[in-house]
There are 2 protein chains.
Amino acid sequence: MRQFVLVGHDAPTDPEFSLNDLPGAGRVDVLCRCVTAAFLLSHGIRESTRVWLVLGDSLSIRFEGRDLRRLNPDERSTAALIRGALEEREEAIGHMDAESSPGVFVSRRGLEGVLDEVIGESASSDSNAVITLREEGAPITDLDPPADPVFVLSDDRDFTTRESDLLAERTDERVRLGPQALHANHAIAVAHNYLDTAGFERY
Amino acid sequence: MRQFVLVGHDAPTDPEFSLNDLPGAGRVDVLCRCVTAAFLLSHGIRESTRVWLVLGDSLSIRFEGRDLRRLNPDERSTAALIRGALEEREEAIGHMDAESSPGVFVSRRGLEGVLDEVIGESASSDSNAVITLREEGAPITDLDPPADPVFVLSDDRDFTTRESDLLAERTDERVRLGPQALHANHAIAVAHNYLDTAGFERY
């Protein structure tokens, strides 16, 4: 299983946003592109992938590749899935998630809660590694590709000091994907390809 | 210079489409994601990149990284640039392009004309290579990374027989980026990273 945790710093926490202005809706466009980069292949879906979108301090949306339906490549239809999840946010209580659409769950977890969940699973698996993608990290090519990685990324803003502290405590590696700092969705596409081609020789 | 030629099979050739339904407008959403994948970095633009969108039999839009302004990461604003170029299509005559916005040019070239243009340049350069990205190609890792590659990709549909014949005649290599067939925009992000990290060792 590959997991991606995306921290959306300005992301909306209620569904009152317009599908006609996604950048103006707390950069929902960024979230949408990350979800599609994580799941979509040319002829199908990456079933063994999970995405967490962290929205504000205490809300997140989880997408499960195995169960996802109705995910299209365009931003607007993905934004409609996010809006649908936010419409169900009152149904999520404590650690009980609410499913708003097949494979889409809204939860009361913020970044800390999501990391706890991910690390809780990780403790029972030798193949898991929680990896923060950051510009100043070590080259990913130095990393032995983990079987079940959890990549933590930020949207178009930097991690806050509090988030950085949380990540420093709880993640295993800080890596970068190359010499250029990429948008989060492109980083996800590259990280997938890095794992897809693990074992390939290259120049 | 890195160039990407994207063939849009259903793409509109006139500006009469709605920004509220890009998938319904001949998959303009696909074109938009490819343009942003080709140019955008987290903190800037890839200036030494050129994109050709081939729309139908005899129209294309060329984006020049060096001159581009007003390119944002979201699909809708990129679609507005495409629509703006199509509004100027009557101004393009013969091989004279029309500039609709800084760095965005509409031209009367179809795929053959674009390949002729690209190969004409290539003939004067040793470092150019015209590379078709196809599922059945050889692994890109077998390729010595060219300094000035031209990648030719299709949108969400396969190349037609006529296009395949043209490409077989005029391109140097058929490569794939990994074992998974990717959407065109993700392929562009991966191809850039492959070139960005050329020389990096990896597992």
Side-chain angles (χ1 to χ4, degrees), chain A residues 18-25 27-30 32-33 36-38 40-44 46 72-79 135 139-145 154 156 158 176-203, chain B residues 18-25 27-30 32-33 36-38 40-44 46 72-79 135 139-145 154 156 158 176-203:
Chain A
S18 165
L19 297 180
N20 292 338
D21 182 13
L22 301 179
R27 297 308 307 269
V28 169
D29 62 312
V30 176
C32 294
R33 289 192 298 276
T36 49
L40 294 184
L41 291 169
S42 193
H43 308 303
R46 292 184 188 266
N72 292 311
D74 67 298
E75 291 169 10
R76 189 185 174 98
S77 64
T78 309
E135 286 170 46
I140 194 168
T141 46
D142 291 354
L143 191 74
D144 205 354
S154 187
D156 57 315
D158 284 338
R176 65 188 158 95
L177 297 167
Q180 302 284 6
L182 305 179
H183 280 276
N185 57 317
H186 301 147
I188 291 171
V190 168
H192 265 316
N193 179 261
Y194 176 73
L195 296 168
D196 291 344
T197 60
F200 281 35
E201 287 216 27
R202 69 178 297 174
Y203 288 92
Chain B
S18 165
L19 297 180
N20 292 338
D21 181 13
L22 301 179
R27 298 309 306 269
V28 169
D29 62 311
V30 176
C32 294
R33 288 192 297 275
T36 49
L40 295 184
L41 290 169
S42 192
H43 308 302
R46 291 184 187 268
N72 292 313
D74 66 300
E75 291 169 11
R76 190 186 174 97
S77 64
T78 309
E135 288 170 44
I140 194 168
T141 46
D142 291 354
L143 192 74
D144 205 354
S154 186
D156 57 315
D158 283 338
R176 64 188 157 94
L177 298 167
Q180 302 284 6
L182 305 180
H183 281 275
N185 57 317
H186 301 147
I188 291 172
V190 168
H192 265 315
N193 179 261
Y194 177 74
L195 297 167
D196 290 344
T197 60
F200 280 37
E201 286 217 30
R202 68 178 300 177
Y203 288 93

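None of the values given here were measured: they were computed from a predicted structure. So that the names make sense, note that chain A is the first sequence line, chain B the second, and so on, each numbered from 1.
- A donor-acceptor contact closer than 3.5 angstrom links the side chains of B/Glu135 and A/His43.
- Here the side chains of B/Arg76 and A/Arg76 are in contact, with some heavy-atom distance below 4.5 Å.
- Heavy atoms of A/Pro73 lying under 4.5 Å from chain B belong to its backbone as well as its side chain.
- The two atoms that bring B/Leu182 and A/Arg46 nearest to each other are CD2-NH2, 3.8 Å, heavy atoms only.
- A/Asp29 and B/Asp74 get closest at one heavy-atom pair: OD2-CB, 3.4 Å.
- Comparing A/Ala184, A/Ala181, A/Ser77, A/Ala187 by how many heavy-atom pairs each has under 4.5 Å with chain B, the most go to A/Ala181.
- Shortest non-hydrogen contact noted between B/Leu177 and A/Thr197 is O-CG2, 3.5 Å.
- Contact check for B/His186 versus A/Leu41: no side-chain heavy atoms found under the 4.5 Å cut-off.
- The structure places OG1 of B/Thr36 at 7.0 Å from CG of A/Asn185, a figure rounded to the nearest 0.5 Å.
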